[in-house]
Chemist: 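Got a structure for you, written out below as structure tokens; questions coming shortly.
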Amino acid sequence: MTTDAECAYVLRIQPLLAGIDRHQLHLRRWRAAQQTADPGTSTADETVTALRLTPREVTVLHVLGRALTAKAIARRLGISRGYSASACCP
């Protein structure tokens, strides 16, 4: 039987798990695109274009890849710390 505390915990971590899943998907697509490209001819710009990532998505991926705090992420992306904490790193 599931307790109320366990249900509350699941509700708190579910957005984090969903975000991790999305980031893993992007990273797998990124790596696959780089592996199929001709060595020496593929650039980061070509990979971004092939994956149809927006400039904002690329910026978010770079910031997340640096393992920054929610406060630092918010500062870099120009969003509130509260939004950063809930969207990026709950």
Side-chain angles (χ1 to χ4, degrees):
M1 190 138 144
T2 306
T3 67
D4 289 342
E6 290 170 331
C7 287
Y9 177 72
V10 168
L11 289 173
R12 282 197 326 266
I13 67 166
Q14 193 280 332
L16 173 64
L17 297 174
I20 290 169
D21 189 53
R22 282 191 308 272
H23 294 302
Q24 284 182 329
L25 174 64
H26 280 298
L27 288 173
R28 281 194 299 269
R29 288 173 49 204
W30 184 284
R31 287 183 186 128
Q34 288 188 334
Q35 288 174 355
T36 59
D38 292 332
T41 61
S42 179
T43 65
D45 289 338
E46 290 170 345
T47 302
V48 167
T49 301
L51 294 175
R52 296 188 314 249
L53 297 175
T54 66
R56 182 65 169 189
E57 289 171 325
V58 172
T59 301
V60 169
L61 287 172
H62 281 288
V63 171
L64 289 173
R66 294 178 183 263
L68 301 171
T69 64
K71 184 177 180 179
I73 290 171
R75 201 174 321 120
R76 297 255 175 117
L77 298 179
I79 57 177
S80 74
R81 189 219 172 270
Y83 182 77
S84 170
S86 67
C88 299
C89 41

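In what follows, every heavy atom counts, from backbone to side chain, and hydrogens, waters and symmetry copies are set aside.
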Chemist: With Glu6 as reference, evaluate Val10, Asp4, Thr3 under the side-chain contact (heavy atoms from CB on, under 4.5 Å) test and give the passing residue.
Modeler: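 Exactly one candidate clears the test, Thr3.
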Chemist: Tell me the closest heavy-atom pair linking Arg56 and Leu77, and the distance in Å.
Modeler: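 Closest approach of Arg56 to Leu77: NH2-O, 3.0 Å.
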Chemist: Would you compute the distance between atom CG of Leu25 and atom CD1 of Ile20 and round it to the nearest 0.5 angstrom?
Modeler: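 The CG atom of Leu25 sits 14.0 Å away from the CD1 atom of Ile20.
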Chemist: Looking at Arg52, I'd like to know if its CZ atom is crowded, meaning that more than 12 non-hydrogen atoms belonging to other residues, nucleotides or ligands lie closer than 6.0 Å.
Modeler: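 Check fails, neighbour count at 12 or below.
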Chemist: Quick check: closest heavy atoms across Arg12 and Pro15, and the distance to 0.1 Å?
Modeler: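 Distance-wise, the nearest heavy atoms are O-CD, 3.5 Å.
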